[in-house]
Novice: 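Mind looking over this structure? Questions follow.
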2 protein chains.
Amino acid sequence: MKLGKVVVVGVGLIGGSCALALKRAGCVGEVVGVGRTQANLDIAVARAVIDRACTLDADWTRELADADVVLVAAPVAQFPSLFVAMAGALGTRTIVTDAGSTKQDVIDAAAGAFGPALPRFVPGHPIAGTEHTGAAAAFPSLFEGRNVILTPIAETDPGATERVATLWQACGARVTTLDATRHDAVFAAVSHLPHVLAFTLVAELAARPDAATYFDHAASGFRDFTRIAAGSPEMWRDIALANRDALLAEIDGYAEALAAARALIAEGDGEALAALFAEASRARRAWEAARRQPVVEDKG
Amino acid sequence: MKLGKVVVVGVGLIGGSCALALKRAGCVGEVVGVGRTQANLDIAVARAVIDRACTLDADWTRELADADVVLVAAPVAQFPSLFVAMAGALGTRTIVTDAGSTKQDVIDAAAGAFGPALPRFVPGHPIAGTEHTGAAAAFPSLFEGRNVILTPIAETDPGATERVATLWQACGARVTTLDATRHDAVFAAVSHLPHVLAFTLVAELAARPDAATYFDHAASGFRDFTRIAAGSPEMWRDIALANRDALLAEIDGYAEALAAARALIAEGDGEALAALFAEASRARRAWEAARRQPVVEDKG
């Protein structure tokens, strides 16, 4: 694959690392970075993450007409207005893809904005990240061995999906496809729910008048269980609201399961409680054993 | 400190490591190990964790009359019957301490069993452990820099508490005291509740007909959040039931907090949701930053 021009909207860890990976693979002629702040774009140019930069308050959409691919890797809450701004400026061959953590809401925004360009929009979710952000944190091997999930819709041109898949494979990623609704349901369960649970636990403890005593006695179980509660409040707020319906369903299912576990403890039903814990322990050990690759960072 | 004879009841990771640490510090003349299985005791003798061994179905209590300290480090569910067996056989100077993860239930069992020897019982909780178990896993530096919490009661002889504190300090631990009820409430919140939450999440996912799809997409957030769900089902069953009242109170408080977070998501109140997540993120980062020592393993 050889792309002439790629436009990255949002030159952060994900967008910047994708640009670096494509450059390293020799797959791209020119990368233009678009972003909110000049400071981050300056870093991106200085690090050769991008070749040219354009802020969102300049006339950035004129860069789209001759672009082969536009990767939208900005915060998801900005997607709807970005899509509206992009729609009329896309070239007739330009493919658009994104890196959002939720997919149905992104598809809804795309369907409302892109009109005849909708078949060339390929919704995507690279499952990669670190705790660092911004162009300064980007590195070309971020996606090596990581999963990228594409969630094309009925309207999507299969050729566009294939092209985006090839782009991510050039970055070293494994590409799979999944129905968007299914994607959102799965990530509500294995990622968004755990984040809400961890945020809730730590916020509840922190609100106690004697919080210090609790935190003083917290050890490694607490450390690992709550690591994700240190995540970005804004990003996780956006994800929770973007995937609201699936997340609410998961919270309700979880609350029911917790009430059932509570009942076993209240009744002193040691046998059933041990069976419940044993099923979890078995499944968790099997999951760990089945992972051949080192576990990837979960940016959302 | 120089102890003549120490009896360790339950020569597992905790009891065995304490024995090794005391030996390394030159603080003990002889260590007698008592346990359920001959196989584990054979390993303990072969590794010089203990000097002599006695199984629980032999006449082990005759070892207690001339013991300076008895450390009960067996599974907590066995404490009541062990205490009853020990009570009449203790020497008039013998101090008894334990390594149980919950304290009020252990104190209740001791108060019911020890009679006039109760002042020489010092309830304790070493906050240390690894994922390995048995005498084979014991090592002398397990307690270095770790916390040991003693929860003496009104009847406890302060001299006995001081002696047990010195014993753990000789193992390299930092010793603090805490009211037993307070201990159980604090650990219900920062350890027992997170375990129940993690076990519940994984068991609920594993019970789904399409569990594999969910587990296939789980990444590092899930990995850390659920690490404690791989723990021993029997041990955590025992802890949950031993600390039932405090744990139920924590579950109820948590369920309320989760319902409140759910309401913010359902109402789409992004500002309040971001504020909740931000408070958790701030507290979690402050906790991590305040920890000068590497975080200790939390065995229960």
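These figures come from a predicted structure and were not determined experimentally. Each chain gets a letter, A, B and so on, in the order the sequences are listed, and its residues count up from 1.
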Novice: Report the distance from atom CD1 of A:I265 to atom CG of B:L248, rounding to the nearest 0.5 Å.
Specialist: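 Result: 6.0 Å between the selected atoms.
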Novice: Specify the closest pair of heavy atoms between B:G270 and A:L241, including all atoms of both residues, with the distance to one decimal.
Specialist: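 Closest approach of B:G270 to A:L241: CA-CD1, 3.6 Å.
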Novice: Quick one: of B:A229, B:A257, B:A255, who has the most non-hydrogen atom pairs under 4.5 Å with chain A?
Specialist: B:A229
Novice: In Å, rounded to the nearest 0.5 Å, how long is the span from NE2 of B:H217 to CG of A:L178?
Specialist: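 So the gap between those two atoms works out to 5.0 Å.
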Novice: Is a side-chain N or O of B:R284 found less than 3.5 angstrom from the main chain of A:R223, in a donor-acceptor match?
Specialist: yes
Novice: B:L264, B:I149, B:L201: which one forms the most heavy-atom pairs within less than 4.5 Å of chain A?
Specialist: B:L201
Novice: With a 4.5 Å cut-off on heavy-atom pairs, point out which of B:E234, B:R208, B:E271, B:E204 contacts chain A the most.
Specialist: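 Highest number of heavy-atom pairs under 4.5 Å: B:R208.
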Novice: Could you look at B:I228 and say if it's the side chain, the backbone, both or neither that has a heavy atom under 4.5 Å from chain A?
Specialist: side chain
Novice: Using modelled atom types and a 3.5 Å cut-off, is there a donor and acceptor pairing between side-chain atoms of B:R262 and backbone atoms of A:D252?
Specialist: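 Looks like no, no N/O pair under 3.5 Å.
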Novice: Testing B:F225, B:F222, B:F199 for ring pair (Phe, Tyr, Trp, His ring centres under 6.0 Å) with A:F225, which one passes?
Specialist: B:F225
Novice: So which residue, B:D210, B:L247, B:L193, B:T176, ends up with the most heavy-atom pairs under 4.5 Å with chain A?
Specialist: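 Heavy-atom pairs under 4.5 Å are most numerous for B:D210.
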Novice: Which pair of heavy atoms, one from B:V202 and one from A:A280, lies closest together, and at what distance?
Specialist: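 Nearest pair, atom of B:V202 first, then A:A280: CG1-O, 3.4 Å.
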Novice: Would you say the side-chain atoms of B:R244 pair up with the backbone N or O of A:A266, donor to acceptor, closer than 3.5 Å?
Specialist: yes
Novice: Among B:A230, B:A212, B:A203, which residue forms the greatest number of heavy-atom pairs with chain A at distances under 4.5 Å?
Specialist: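 Option with the top pair count is B:A230.
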Novice: At a heavy-atom distance under 4.5 Å, which candidate from A:G253, A:A286, A:A207, A:G268 has the highest pair count against chain B?
Specialist: A:G268
Novice: Keeping the roles fixed (side chain from B:Y214, backbone from A:A185), state whether a donor-acceptor pair exists under 3.5 Å.
Specialist: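 Pair absent, no side-chain N/O of B:Y214 close to backbone of A:A185.
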Novice: Using the side chain to side chain contact (heavy atoms under 4.5 Å, CB included) rule, take A:V190 and B:F215 through it: C-alpha gap first, then chi angles, then the decisive distance, then the call.
Specialist: CA-CA 7 Å; A:V190 302; B:F215 285 120; over 6 Å; no
Novice: Out of B:A274, B:S232, B:A283, return the one with the most heavy atom pairs under 4.5 angstrom to chain A.
Specialist: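 Looking at each option in turn, the highest pair count goes to B:A274.
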Novice: Nearest 0.5 angstrom please: B:D269 CG to A:R237 CZ, how far?
Specialist: 10.0 Å
Novice: Side chain from CB out, backbone as N, CA, C, O: work out which of these in B:A261 comes under 4.5 Å of a heavy atom of chain A, or both, or neither.
Specialist: side chain
Novice: Output the distance between atom NE2 (B:H183) and atom OG1 (A:T213), rounded to the nearest 0.5 Å.
Specialist: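 Taking NE2 in B:H183 and OG1 in A:T213, the distance rounds to 13.0 Å.
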Novice: So which of A:R182, A:E256, A:R282 has the largest heavy-atom pair count under 4.5 angstrom toward chain B?
Specialist: A:R182
Novice: Under 4.5 Å from any heavy atom of chain A, what part of B:L258 do you find: side chain, backbone, both or neither?
Specialist: both
Novice: Testing the basics here: between A:E279 and B:A206, what is the closest heavy-atom pair and its distance to 0.1 Å?
Specialist: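 In terms of heavy atoms, the two residues are closest at OE2-CB, 3.7 Å.
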Novice: Is B:E250 close to chain A through its backbone or its side chain, or both, or neither, when contacts mean heavy atoms under 4.5 Å?
Specialist: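 For B:E250, the contact with chain A is made by the side chain alone.
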Novice: Measure A:L205 against the heavy atoms of chain B and call it side chain, backbone, both or neither at under 4.5 Å.
Specialist: side chain
Novice: With chain B as the partner, which of A:D245, A:I251, A:D238, A:T226 has the greatest number of non-hydrogen pairs under 4.5 Å?
Specialist: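 If we count pairs closer than 4.5 Å to chain B, A:T226 comes out on top.
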Novice: Between A:Y254 (side chain only) and B:T200 (backbone N and O only), is there a donor and an acceptor less than 3.5 Å apart?
Specialist: no
